[in-house]
Each structure stands twice: as structure tokens, then as C-alpha cells.
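The next block holds one structure in the form of C-alpha cells; read it before the comments.
Just so you know, ligand 1 is whichever comes first in the structure, and atom 1 is the first atom listed for that ligand. Residues take their numbers from the sequence shown, with the count starting at 1. Below, all heavy atoms of this structure are taken into account, side chains as well, without hydrogens, waters or symmetry copies.
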Amino acid sequence: MTGSLVIAGLGPGADAMETPEVRGALDRATDIVGYIPYVARVAPRPGLVLHPSDNRVELDRARHALQMACDGRHVVIVSSGDPGVFAMASAVFEAVEAGPPHWRDLDIAVLPGITAMLAAAARAGAPLGHDFCAINLSDNLKPWALIEKRLRLAAEADFAMAFYNPRSRARPEGFARVLAVLNEACGDARPVIFARAVSTPEESLRVIALPDARPDMADMRTVVLVGNSATRIIARDGAPFVYTPRAVPE
Ligand SMILES: C[S@@+](CC[C@H](N)C(=O)[O-])C[C@H]1O[C@@H](n2cnc3c(N)ncnc32)[C@H](O)[C@@H]1O
């Protein structure tokens with residue numbers, strides 16, 4: 001029997017934001033592999049084996065999934081959001097490149113999902129409507145100096161920005177530093193959106209001017225969007241619309 005490996009994005013939380021393609025792969029799977037809270041989003045059924053694992057074991061998880069696919073299983077690795085955005089798809093290809101040659105011949109597919117920044121941007125309006133970049137603020141896999149350099153250069157280039165992993169218990173001071181760098185580099189009151197647990201029952205959205213943003217407005221369930229210098233707020237009753245115009249004048 002020939003096995004397969006699918007690396008699937010479950011979207012930001014709501015079932016309605018999971019693609020039919022991903023749902024089909026989950027229905028056909030024999031094994032689900034992933035970080036504990038993501039595997040918990042997959043409904044158990046007879047014949048389906050769940051393999052939840054802890055954070056920070058991505059390469060072990062990838063190798064385990066590849067080995068099961070070699071053994072003829074139909075394995076789905078689940079990530080939240082999109083699997084190619086700060087998630088499992090890269091870990092799988094790192095394992096394939098360093099692994100035994102026959103892993104390269106496996107049937108491997110990456111199925112996209114709605115990533116947190118796009119779900120959050122849609123809730124707010126169109127803050128990423130012009131050029132933007134996404135930065136993972138965790139320094140688990142890269143030096144802090146590089147994060148700070150990318151922040152400064154992105155601000156200088158006037159990108160709107162999306163920040164993943166803004167804050168954790170292990171790095172309480174990191175996001176304060178990010179806000180200080182942004183205030184220094186941007187020097188204006190552009191809108192910042194703190195979007196927490198988007199598309200789940202705990203969803204909250206807060207729009208605030210950059211100088212008023214505080215570190216404790218973010219946690220690990222928050223994606224933070226920062227506008228560029230042209231980003232606009234349309235005030236109205238209730239939550240404002242935030243959008244970035246499509247054009248930059250000559
Ligand atoms: C390890 S990254 C995974 C990103 C995921 N692959 C994606 O495409 O959204 C985890 C970070 O994604 C963001 N995130 C994931 N789901 C979210 C949601 N529903 N609402 C807000 N932010 C979310 C948070 O910044 C969180 O710290």
C-alpha cells in the first residue's frame with residue numbers, strides 16, 4: 001500500500017474558515033499529527049489515530065509523520081492558519097532534505113489555510129491593502145538582533161506589518177522593545193490592530209494609535225497588524241474600518 005503525507009492548514013479557528021480541500025484530506029486520513037491544541041480541533045472517528053505532541057518538537061513530529069507515510073499510512077499534519085506561515089510545512093521539508101533519499105519520492109502535498117493575519121485584516125477592513133510584510137517575533141529560531149533589524153527596515157520602507165507570536169511568558173520584554181523600535185522608526189500615530197483569537201468565541205479586536213499601544217495588549221493568541229504611514233481609519237458607530245489605500249502618489 002502507498003502512503004501519503006498532507007500538510008494542512010486548519011485556518012484561524014472557525015470551522016467555516018476551514019477549506020473543503022482540507023476537510024476532505026482529514027476525512028481520508030488514517031493518522032493526524034500535530035501540536036496538541038491543533039490535533040484537538042480534529043473530530044475523532046473510528047479508524048483515525050490522533051498523534052498530539054508538544055510545542056518545539058517540530059522536526060521529530062515531521063520525521064514521525066514521514067515514517068508513517070512510508071509505512072503506508074495516510075497522514076495529515078495539521079497546523080493552525082496556513083501550514084506554510086511559521087508552521088509545519090517548512091519543518092517537513094527540512095526533514096525531507098536531511099532524511100533518507102526515499103523520503104523524496106513520497107506523495108507529499110501542502111494544503112493552504114486562512115492565515116491569522118488575513119483573517120484579522122478582513123475583520124478590520126483592509127489594513128494590508130498595499131505592500132506589507134509578516135514577521136514572526138519569536139526569537140526561538142533566530143537572533144533577536146535580526147528581528148530588530150527587519151523591524152527597522154520594514155518601517156523605513158513603509159510596509160504595513162503583521163506580527164505573529166508577539167508575546168509569550170518566556171519573552172515578556174520582547175514586545176515592549178518592538179513597540180519602542182516602531183515608535184522611534186515610524187514617529188507617527190498610525191493605527192495598530194490587536195486581533196485576538198480571531199474567528200473563535202473569544203475573538204476580540206482593538207484598534208489603537210501606535211503611541212498608545214502597550215505590550216500587555218498582546219498575548220500568544222494575538223496577531224498584531226501595524227498600518228503604513230497612509231493607513232486610514234473610518235470612524236463610525238461601533239468598530240472603525242481600517243484600510244490602507246492601494247496607491248502611493250508619485
Ligand atoms: C506558530 S504561529 C502559527 C501561525 C499560523 N500558521 C497561521 O498561518 O496563522 C502562532 C501565532 O499565530 C497567530 N494566530 C494564530 N491563530 C490566531 C487567531 N485565531 N487569532 C489571532 N492570531 C492568531 C498568533 O500570533 C500566534 O502567536
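Residue N165 has at least one N or O atom closer than 3.5 Å to an N or O atom of ligand 1. No N or O atom of S79 sits closer than 3.5 Å to an N or O atom of ligand 1. For ligand 1, one of its N or O atoms has an N or O atom of D82 under 3.5 Å away. For ligand 1, the polar-atom distance check against V85 finds a nitrogen or oxygen pair separated by under 3.5 Å. In terms of polar-atom proximity, defined here as any N/O pair under 3.5 Å, S80 does make such a contact with ligand 1. Between M220 and ligand 1, at least one N/O pair is under 3.5 Å apart.
With ligand atoms numbered from 1 in the order given, ligand 1 contributes 7 (C), 8 (O), 9 (O) to contacts under 4.0 Å with heavy atoms of G81. Heavy-atom contacts of F86 reach the following atoms of ligand 1: 1 (C), 2 (S), 3 (C) (cutoff under 4.0 Å). Close approach of ligand 1 to T222 (heavy-atom distance below 4.0 Å) involves ligand atoms 22 (N), 24 (C), 25 (O). Of all the atoms in ligand 1, the ones that sit under 4.0 Å from a non-hydrogen atom of T115 are 7 (C), 8 (O), 9 (O).
With a 4.0 Å cut-off on non-hydrogen atoms, A197 touches ligand 1 through its backbone and not its side chain. Using a 4.0 Å cut-off between heavy atoms, A87 contacts ligand 1 through its side chain alone, with no backbone atom that close. Residue contacts with ligand 1, taken as heavy atom pairs separated by less than 4.0 Å, involve A195 solely via the backbone atoms N, CA, C and O.
Between F159 and F132, the distance from one ring center to the other does not fall under 6.0 angstrom.
Considering T222, L225, V223 in turn, L225 is the only one that fulfils the side-chain contact (heavy atoms from CB on, under 4.5 Å) rule with I193.
Taking each of N140, V198, N136, D219 in turn, the one with a heavy atom nearest to atom 20 (N) of ligand 1 proves to be V198.
Once rounded to the nearest 0.5 Å, the distance linking CG of L10 with CG of L26 reads 6.5 Å.
Geometric assessment of R61 against the ring of Y35 yields a negative cation-pi assignment under the 6.0 Å and 45° thresholds.
Here the protein heavy atom with the shortest distance to atom 12 (O) of ligand 1 is Y164 CD2, 3.3 Å. The shortest contact between atom 19 (N) of ligand 1 and any protein heavy atom is with P12 O, 2.9 Å.
The closest approach between a heavy atom of P166 and any atom of ligand 1 is below 4.0 Å.
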So T115 and Y164, side chain to side chain donor-acceptor pair (under 3.5 Å) or not? Walk me through it.
-> CA-CA 10 Å; T115 188; Y164 287 76; 2.6 Å; yes
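Salt-bridge check for R196 with E203: failed, with every basic side-chain N at 4.0 Å or more from each acidic carboxylate O. The residues D188 and R190 are annotated as salt-bridged, a charged nitrogen and a carboxylate oxygen being separated by less than 4.0 angstrom.
Side chain of R177 to main chain of E148: no donor-acceptor pair is present (N/O by atom type, distance under 3.5 Å, no hydrogens or angles).
Side chains of V49 and M68 form no contact here, defined as non-hydrogen atoms less than 4.5 Å apart.
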